[in-house]
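Written out below as structure tokens is the structure these notes cover.
Note that the coordinates shown come from a computational prediction; the quantities given were computed from them, not determined experimentally.
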Amino acid sequence: NAGVTQTPKFQVLKTGQSMTLQCAQDMNHNSMYWYRQDPGMGLRLIYYSASEGTTDKGEVPNGYNVSRLNKREFSLRLESAAPSQTSVYFCASRTLQGSETQYFGPGTRLLVL
Amino acid sequence: SQQGEEDPQALSIQEGENATMNCSYKTSINNLQWYRQNSGRGLVHLILIRSNEREKHSGRLRVTLDTSKKSSSLLITASRAADTASYFCATARNTGGFKTIFGAGTRLFVKA
């Protein structure tokens, strides 16, 4: 099991460029999440998908869109990147049954110039 | 706004000492979790304590929960250099709910 994988590991964008961050999990989890982590602020929820076919806004959704492509994959898109979106992005997944533990990917470091 | 707030923000101790981190939260919760994050890595789940539990142990970890004070503590006994990491508390408000709110974390440095 690879767990939760994210691509790319690191990306540099210019202001106004677009990109998609990819996330996949092989644990047959129902729920998937996108967070951003900024220094001294912990993790903030951007979007989540409780189950395949559904997505909902989190705490900081502005400037982002998501797609739950299938049960395994949950992508995050920046349509027009801004310097304020410079951050480390984490994807996580969780099963619906019983445990509320989230399993995290290794993160994508994004720098917007 | 952050639901959980950890205290202290940073902690430096010698190997073999105990490390205590505290977490306070604002609203009623269903459970509280602690996660560890090594530098440059994703978060790893350590332990979950439910709102009807007061104390839980896992190896060298001891977690307490005081719902009347809306606070929790994480104790790491006999710390090791490998325990150097950031520790986050996370709260979930509703049974079966999907949102977990993370605090800003405590950075622990264990000196060998």
[X] [atom1]: over 12 foreign heavy atoms closer than 6.0 Å:
X	atom1	answer
Lys57(A)	NZ	no
Gln17(A)	CD	yes
Arg54(B)	CZ	yes

Once disulfide bond (SG atoms under 2.5 Å apart) is applied, what residue pairs with a partner in residues 42-89 of chain A remain, sequence neighbours excluded?
none
In short, disulfide bond (SG atoms under 2.5 Å apart) pairs touching residues 1-91 of chain A with sequence neighbours left out are Cys23(A)-Cys91(A)
Which atoms of Gln37(B) are under 4.5 Å from chain A, going by heavy atoms: the side chain, the backbone, both sets, or neither?
side chain
Tell me, side chain or backbone of Gln37(A) under 4.5 Å from chain B's heavy atoms, or both, or neither?
side chain
Spacing of OH belonging to Tyr103(A) relative to CG belonging to Leu43(B), to within rounding of 0.5 Å:
13.5 Å
How many angstroms lie between OG1 in Thr100(B) and OH in Tyr35(A), if you round to the nearest 0.5 Å?
5.0 Å
Give a yes or no on whether the backbone of Gln102(A) and the side-chain of Tyr35(B) come within a donor-acceptor separation of less than 3.5 Å.
yes
Evaluate the side-chain proximity of Phe90(A) to Arg41(B): yes if any heavy-atom separation is below 4.5 Å, no if none is.
no
